Visitor: 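My questions all concern the structure below.
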Protein chains: 2
Amino acid sequence: MTDEETGTLKWGVERRLEFIEFRLFWEGGVNRADIIGLFGVSVPQASKDLTLYQERAPGNAVYDKRAKRYVAGDGFAPVFLKPDPAAYLSRLRSLSEGLTEPGESWISDPPAVDIAVTPRRRVESDTLRAVLDAIRDSRSIEVHYQSMSRDRAAPTWRRMTPHALGYDGFRWHARAFCHVEGRFKDFLLPRILGERAPGDPGATGADDRQWNETFDVVIGPHPDLTISQKEVVAKDFGMRDGKAVLRVRYAMLFYVLKRLGLLEDATKLSPRSQHIVDLNRPTTLAALERADFKL
Amino acid sequence: MTDEETGTLKWGVERRLEFIEFRLFWEGGVNRADIIGLFGVSVPQASKDLTLYQERAPGNAVYDKRAKRYVAGDGFAPVFLKPDPAAYLSRLRSLSEGLTEPGESWISDPPAVDIAVTPRRRVESDTLRAVLDAIRDSRSIEVHYQSMSRDRAAPTWRRMTPHALGYDGFRWHARAFCHVEGRFKDFLLPRILGERAPGDPGATGADDRQWNETFDVVIGPHPDLTISQKEVVAKDFGMRDGKAVLRVRYAMLFYVLKRLGLLEDATKLSPRSQHIVDLNRPTTLAALERADFKL
DNA sequence: TATGTCCATATACTTTGTATACCCATCAGC
DNA sequence: GCTGATGGGTATACAAAGTATATGGACATA
């Protein structure tokens with residue numbers, strides 16, 4: 001049986017058809033020139049691709065003679081990708097932050113975008129590789145770590161056994177067993193200044209209770225909002241009966257609360273900027289205590 | 001001149017070599033089976049690719065007979081990609097959040113990851129498309145918008161002319177001229193429940209002063225930190241002489257301040273969770289006022 | 001009307017990739 | 001120490017995908 005009969009396409013061809021569909025859906029149209037520019041194929045090949053796309057997805061692409069390009073047809077139904085707004089916006093963010101090459105992202109003329117970024121120390125390639133290696137092989141490494149302890153200014157070498165990565169919304173950290181203190185801790189990747197000496201592990205991820213056990217944060221709309229405002233906030237956060245439950249690892253609890261603005265007593269903050277409150281604050285504070293974060 | 005002489009590679013081949021390099025660098029090794037699995041090529045072709053990679057990047061790949069796969073050589077020097085830890089972590093995040101297909105991301109066995117996410121109402125495909133179209137074509141649309149005004153509970157149809165997108169760290173919004181109020185505003189994409197009736201624009205992006213003009217936020221370490229802690233924070237944020245300047249659009253000022261924890265008086269917050277303060281708070285408050293955010 | 005642009009298609013040719021077969025080295029298990 | 005399983009390399013004949021080049025058509029603009 002040939003490829004043509006089975007409908008199977010070569011990887012490269014499928015990527016191009018996917019690209020055509022992406023452009024039709026999100027960018028309002030596609031050109032032979034677009035295909036040529038991105039994939040470096042010849043003019044006739046780009047024509048063939050467009051023809052093939054029309055065979056595989058009838059009605060999706062119609063030629064707009066005025067604009068001299070294909071635009072999405074009325075009853076557009078994606079065949080090669082499941083269009084996900086979150087995925088598109090994620091691409092747009094990567095592109096805007098310079099993490100993706102313009103060609104790679106498939107977005108031709110991105111809209112004007114601004115992102116509330118905050119400048120942060122960067123992570124070194126070697127650091128990330130060393131941590132990933134240690135996690136993969138279940139081994140320990142020594143890291144030259146710049147901690148935030150009250151008086152120790154200079155970075156020190158400490159052995160640790162990482163088993164996971166965490167992201168708090170700003171920075172990445174390694175979740176690791178600290179051989180010096182004999183307990184699990186977070187090591188911020190940007191504060192690791194060097195790494196050396198892979199060795200035997202001190203503990204496994206299964207031993208990390210704070211990582212493996214979760215706590216339920218219960219949130220609700222800020223009490224000072226009007227009834228209609230509360231309804232909007234409830235929809236924003238997918239609340240039912242005025243509340244929503246977030247299941248969070250103890251090891252991530254501090255970060256989630258900080259991100260949600262719930263570390264302090266949110267009822268005392270202006271509802272204009274703080275839309276939600278913690279409906280179970282005493283329990284949460286106890287959980288934070290258990291998670292080793294003393295405020 | 002042939003391709004072989006110029007060193008030019010077909011798009012598909014180059015992707016595969018890039019993939020080989022990616023795996024060598026970040027994932028500790030690569031296999032024929034990996035290439036076959038991801039790109040659907042035949043066994044001999046995968047062999048050829050590995051051979052070709054070794055020709056193009058001598059010494060980067062060495063065969064580990066024990067592990068039966070290629071691993072990165074000692075003097076590994078990337079040829080097909082510039083390894084960027086931020087890009088890798090961004091991929092990892094997309095993968096963990098389910099925004100990327102496992103195959104597409106090139107990360108074979110991702111480490112355990114947790115991300116401090118917060119549940120949010122989703123954006124509709126049609127909404128995003130309509131807004132992107134309007135931005136691209138400089139047109140207006142009517143949106144069925146659920147606003148947060150104090151008493152208006154029901155969503156209303158309002159005409160607006162979007163010219164940019166903004167991301168506050170949590171949600172995306174359209175920066176747009178509001179035809180009802182006759183001024184530029186932010187429309188949260190998840191609160192747009194419907195869209196219709198493209199029409200003439202009400203104003204252009206160039207008219208949006210709050211978007212086009214910027215304000216400098218000056219930050220410094222929290223005064224209650226010890227000297228050594230301040231040094232760490234200074235390095236974290238790239239401060240010089242105890243301060244750093246962030247240039248921010250007025251239209252984004254509120255979001256940036258919220259993200260940095262600087263909406264309230266940060267000196268009154270615990271330095272344990274709030275590491276930085278606004279060194280110019282009165283000016284910032286005036287700027288917020290100018291940005292139309294009345295706290 | 002002339003010109004430029006963009007799409008489509010045809011032909012002859014090159015490159016890339018497949019299917020199949022066979023060989024080699026290493027390792028785990030008997 | 002043999003044996004089979006696994007993973008890599010390579011050769012040959014063939015299929016497919018893609019290129020270069022040329023030609024023609026539709027449409028917008030000057």
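Residue numbering restarts at 1 for every chain, and letters A, B, ... go by the order of the sequence lines. Note that the coordinates shown come from a computational prediction; the quantities given were computed from them, not determined experimentally.
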Visitor: Measure from CG on B:Leu9 to P on D:dG18 and round the result to the nearest Å.
Guide: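 Taking CG of B:Leu9 and P of D:dG18, I get 15 Å after rounding.
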
Visitor: What does nucleotides 20-30 of chain D look like as a protein-contact string, B for base, S for sugar-phosphate only, - for none, at under 4.0 angstrom between heavy atoms?
Guide: -B----SSS--

Visitor: CG of B:Asp64 versus P of C:dA25: gap in Å, rounded?
Guide: 17 Å

Visitor: Describe the nucleic acid contact of A:Phe39 in one word from base, sugar-phosphate, nothing, applying a heavy-atom distance below 4.0 Å.
Guide: nothing

Visitor: Looking at A:Asp34 and A:Arg23, does any basic side-chain N land under 4.0 Å from a carboxylate oxygen?
Guide: yes

Visitor: Side chains of A:Arg159 and A:Ser140: do they bring a donor and an acceptor to under 3.5 Å?
Guide: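 Indeed, the side chains of A:Arg159 and A:Ser140 share at least one donor-acceptor pair under 3.5 Å.
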
Visitor: Which nucleotide sits closest to the side chain of B:Tyr63: D:dG8, C:dT18, C:dT9?
Guide: D:dG8

Visitor: Between atom CD1 in A:Ile36 and atom P in C:dA8, what is the gap in whole Å?
Guide: 11 Å

Visitor: Of the nucleotides D:dT19, D:dT10, C:dT18, which one has an atom closest to the side chain of B:Ser47?
Guide: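 Between D:dT19, D:dT10, C:dT18, the one nearest the side chain of B:Ser47 would be D:dT10.
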
Visitor: In terms of side-chain geometry, is the basic nitrogen of A:Glu104 or B:Arg91 positioned less than 4.0 Å from the acidic oxygen of its partner?
Guide: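 Yes, A:Glu104 and B:Arg91 are salt-bridged.
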
Visitor: For a quick test of reading the model: is some side-chain N or O of B:Tyr70 closer than 4.0 Å to OP1 or OP2 of D:dG9?
Guide: yes

Visitor: Contacts to DNA chain D from residues 26-35 of chain B, heavy-atom cutoff under 4.0 Å, which residues?
Guide: B:Asn31, B:Arg32

Visitor: Can you check whether A:Thr204's main-chain N or O pairs, donor with acceptor, with A:Asp207's side chain at less than 3.5 Å?
Guide: yes

Visitor: Taking B:Arg158 first and then B:Glu181, would you say they form a salt bridge - that is, a charged N and a carboxylate O separated by under 4.0 Å?
Guide: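 Salt bridge between B:Arg158 and B:Glu181, a charged N being under 4.0 Å from a carboxylate O: yes.
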
Visitor: Starting the side chain at C-beta, find the nucleotide from D:dG7, C:dG17, D:dG9 nearest to B:Arg16.
Guide: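 Selected nucleotide (nearest to the side chain): C:dG17.
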
Visitor: In terms of side-chain heavy atoms, does A:Tyr145 have a donor or acceptor partner in A:Arg191 at a distance below 3.5 Å?
Guide: no

Visitor: Within the 3.5 Å criterion, strictly below it, is a donor on A:His179 or A:Thr161 matched to an acceptor on the partner's side chain?
Guide: yes

Visitor: Does one side chain, of A:Asp168 or A:His173, offer a donor that lies under 3.5 Å from an acceptor on the other?
Guide: no

Visitor: Taking the side chain of B:Lys10 as heavy atoms from C-beta outward, which of D:dG18, C:dG17, D:dG9 is closest to it?
Guide: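 Ranking D:dG18, C:dG17, D:dG9 by closest atom to the B:Lys10 side chain puts D:dG18 first.
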
Visitor: Test of understanding: with ring pair (Phe, Tyr, Trp, His ring centres under 6.0 Å), list the residues that count as partners of B:Phe80, not counting sequence neighbours.
Guide: B:Tyr53

